[in-house]
Trainee: 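I'd like to ask you about the structure that follows.
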Amino acid sequence: MTSPETRSASGTESHSALPLSVIDFATVRPGQSVGEALQDSVLLAQKAEELGYERVWYSEHHNMPAIASSAPAVLMAHIASHTKRIRLGSGGVMLPNHSPIVIAEQFGTLAELHPGRIDLGLGRAPGTDPQTLRALRREPSAAEKFPDDVRELQAFLGDSPTDMARTRGIVAVPGRGTKVPLYILGSSLFGAQLAAAYGLPYAFASHFAPDALEQASAVYRSRFTPSEQLAEPYMIAAVNVVADDDAERAERELHWYRRQRVKLMAGRGRDFSDAELDMIMESAGGRQILHMISNTACGDGPAVRDYLTDFARRAGADELMIAPIGSTVERIHGSLDVLRRAWSD
C-alpha cells in the first residue's frame, strides 16, 4: 500500500498507478437512526478495504443532523477494530475547535492501537455555525492560530529535543513518538501555502469547492519545502463520483443527488414540493449550490475512469479522494465497485 511517506508523484502518471481513497460523511439518511448510519460507515470501510482503496477519511461537522461524523477519532477507533489493513483518517479534524495536546493524545492512542494505519488531516474552518462554535467553547479568532497549533501538535507527536522544547516539556501520552502523519486540508490558497511551507501533504476539498483547485495545486508544488515527513509534494484532490454499469441509472442517481443537495443547503430543514424545488434549483442560489459540486464524475466505468484521469491531470493530483454518491448504501458500494474495476483496466 502506497502512502506519501514513501511515495510521491508528479500527477502525470497513468491512471491505474494513482491511488484512490474514500471520504465518508457518515450520512444519516431519512428514517435512519444515527447508530444505523454509523454501521453503514463500518460497511463502507470494509467494502473499500475489500476493493483495495487506499484510505477512508471522516470529516468533523457539528450541528448537522444529516452528518454523524462529529467525532472522527471515536468513529475511526470503532471502524479500525472492524477492518484489518486500510488506512483511516480525519478529513479532517478542525483544529481550532481543540487544543493540540488533546488531538495528539486521541490520535496517538489510535496510532498505538493500529500502527501504520492512522492519518491526521487538519482543517482551519470550524466546521459549523457561529452559535455552535460558542457551544464548543471556542473563539472565532482561534483559527488565526492554526499555523502555530499545527506546529505544536506536530511536536506533541514527535520525540526530538526540538519537539520537547516546543511543548515546554509537556508530554502527550499516548502520542509522543508516534509521528502520526499530518495532512493539511483546504479549499483556498492559504492551506496550499501552509502545507508547502511545512512540507506536509495537501488535500484540496474540490468535491465542494472547485474554483481554486488548479491555482492551489500550482502554488503548493512551486513553494514546497521538504520536511522530515515528506521529501516531495503530495497532493490529494477530492471529487464526487456516481458510477454504475448502467450509465442511465448513474444519471438518475446524479439527478437525485443534485436535488437532495439543493434541498439540504437551501432548505435547512424545510420541506419543499417538487415544483418549489425546481424553482430553487433554477435560481441564482440554487445554481451556486450546484456549482459547488461541479467536480463530479458520472456514468459507466470507462466514462468515470476517463473523467477522473483528466481531473487528476488538471489537479496535479497524486491521489484522488472519492466522495461516492448514491441514494442507497448498495448504490454507494456499487459506485466504488464499478470505479475500482474500471481503474484496473
Trainee: Got L18 and L308 here, is their nearest side-chain heavy-atom distance under 4.5 Å?
Mentor: no
Trainee: When you measure from the side chain of N240 to the backbone of N295, do you find a donor-acceptor pair of N or O atoms at a distance under 3.5 Å?
Mentor: yes
Trainee: What closest approach, in Å, do Y220 and P201 show between heavy atoms, and which atom pair accounts for it?
Mentor: OH-CA, 3.5 Å
Trainee: Measuring only between side-chain heavy atoms, which start at C-beta, is D278 closer than 4.5 Å to R259?
Mentor: yes
Trainee: Going by atom types alone, do S160 and D163 pair a side-chain donor with an acceptor below 3.5 Å?
Mentor: yes
Trainee: Determine whether a donor-acceptor pair (N or O, by modelled atom type, separation under 3.5 Å) exists between the side chain of Q46 and the backbone of H82.
Mentor: yes
Trainee: For Q215 and A212, indicate whether the former's side chain and the latter's backbone hold a donor-acceptor pair under 3.5 Å.
Mentor: no
Trainee: Would you compute the distance between atom CG of L157 and atom CD1 of I101 and round it to the nearest 0.5 angstrom?
Mentor: 10.5 Å
Trainee: Indicate whether any N or O donor in one side chain lies under 3.5 Å from an N or O acceptor in the other, for E60 and S90.
Mentor: no
Trainee: Same cluster or not: are I79 and V34 linked, directly or through other Ile, Leu, Val, Met, Phe, Trp or Tyr residues, by side-chain heavy atoms under 4.5 angstrom apart?
Mentor: yes
Trainee: Can you tell me how far apart CE (M164) and CZ (R176) are? Round to the nearest 0.5 Å.
Mentor: 4.5 Å
Trainee: Where do M76 and F107 land on the side chain to side chain contact (heavy atoms under 4.5 Å, CB included) test, with the steps shown first?
Mentor: CA-CA 10 Å; M76 289 165 58; F107 280 76; 3.6 Å; yes
Trainee: Minimum heavy-atom separation for Y198 to P147, with atom names?
Mentor: OH-O, 3.0 Å
Trainee: Has R87 got a side-chain atom pairing as donor or acceptor with I118's backbone, closer than 3.5 angstrom?
Mentor: yes
Trainee: Closest approach of L185 and G91, non-hydrogen atoms and distance?
Mentor: CD2-C, 3.2 Å
Trainee: Is there side-chain contact between L88 and Y58, with heavy atoms separated by less than 4.5 Å?
Mentor: yes
Trainee: Are L213 and V219 grouped together when hydrophobic residues (ILVMFWY) are joined by side-chain heavy atoms under 4.5 angstrom apart?
Mentor: no
Trainee: Counting N and O atoms only, with roles assigned by atom type, does the side chain of Y183 sit under 3.5 Å from a partner on the main chain of G92, one being a donor and the other an acceptor?
Mentor: no
Trainee: Give the C-alpha distance, both sets of side-chain angles, the deciding distance and a yes or no for side chain to side chain contact (heavy atoms under 4.5 Å, CB included) between F208 and R261.
Mentor: CA-CA 11 Å; F208 72 81; R261 181 80 177 191; 3.7 Å; yes
Trainee: When clusters are formed by joining ILVMFWY residues with side-chain heavy atoms under 4.5 Å apart, either directly or through shared neighbours, do L51 and V329 land in the same one?
Mentor: no
Trainee: So how far is it from M94 CE to I103 CD1, rounded to the nearest 0.5 Å?
Mentor: 10.5 Å
Trainee: Looking at D245 and R341, is there a salt bridge between them, counting it only when a charged N and a carboxylate O are closer than 4.0 Å?
Mentor: yes
Trainee: Tell me whether Q229 contacts the main-chain N or O of P181 through its side chain, where contact means a donor paired with an acceptor under 3.5 Å.
Mentor: no
Trainee: Does any non-hydrogen side-chain atom of I325 lie less than 4.5 Å from one of I332?
Mentor: no
Trainee: Do side-chain atoms of R124 reach the backbone of P96 as a donor and acceptor pair under 3.5 angstrom?
Mentor: no
Trainee: Go through L254 and T296 one step at a time and tell me if the side chain to side chain contact (heavy atoms under 4.5 Å, CB included) criterion holds.
Mentor: CA-CA 9 Å; L254 178 58; T296 298; 3.8 Å; yes
Trainee: Mind checking whether R166 and T162 have side chains closer than 4.5 Å, heavy atoms only?
Mentor: no
Trainee: Looking just at side-chain N and O atoms, do N63 and Q131 make a donor-acceptor pair shorter than 3.5 Å?
Mentor: no
Trainee: Which heavy atom of R221 sits nearest a heavy atom of P233, and at what distance?
Mentor: NH1-CG, 3.6 Å
Trainee: OG/S206 to CE/M321 distance, rounded to the nearest 0.5 angstrom?
Mentor: 10.5 Å
Trainee: Between atom NZ of K47 and atom CG of D40, what is the distance when rounded to the nearest 0.5 Å?
Mentor: 14.0 Å
Trainee: Give the C-alpha distance, both sets of side-chain angles, the deciding distance and a yes or no for side chain to side chain contact (heavy atoms under 4.5 Å, CB included) between T309 and R305.
Mentor: CA-CA 6 Å; T309 301; R305 178 195 62 211; 4.2 Å; yes
Trainee: Cluster question for you: counting only ILVMFWY and a side-chain heavy-atom cut-off of under 4.5 Å, with indirect links fine, are V242 and L290 together?
Mentor: yes
Trainee: What is the minimum heavy-atom distance between A45 and V56, and which atoms define it?
Mentor: CA-CG2, 4.3 Å
Trainee: Quick check: does any side chain N or O of S294 sit under 3.5 Å from a backbone N or O of H291, one acting as donor and the other as acceptor?
Mentor: yes
Trainee: Honestly curious: do L95 and F156 fall in one hydrophobic cluster under the side-chain, below-4.5 Å linking rule?
Mentor: no
Trainee: With a 4.5 Å heavy-atom cut-off, do R249 and R331 have their side chains touching?
Mentor: yes
Trainee: Tell me if the CZ atom of R258 is crowded by more than 12 foreign heavy atoms within 6.0 Å.
Mentor: no
Trainee: Would you call S69 and D24 a side-chain contact if the rule is heavy atoms closer than 4.5 Å?
Mentor: no
Trainee: Would you say the side chains of R117 and T83 form a donor-acceptor pair under 3.5 Å?
Mentor: yes
Trainee: Nearest 0.5 Å please: distance from the OG1 atom of T27 over to the CG atom of L38.
Mentor: 11.0 Å
Trainee: So, the side chain of R287 versus the backbone of E282: is there a donor-acceptor pair under 3.5 Å, distance only?
Mentor: yes
Trainee: Provide the closest heavy-atom pair for L277 versus F272 in the form atom of the first, atom of the second, distance.
Mentor: N-CB, 4.2 Å
Trainee: Do D244 and E253 have side chains that get closer than 4.5 Å, going by heavy atoms?
Mentor: no
Trainee: Has the side chain of W57 got a donor or acceptor atom that lies under 3.5 Å from a matching backbone atom of D119?
Mentor: no
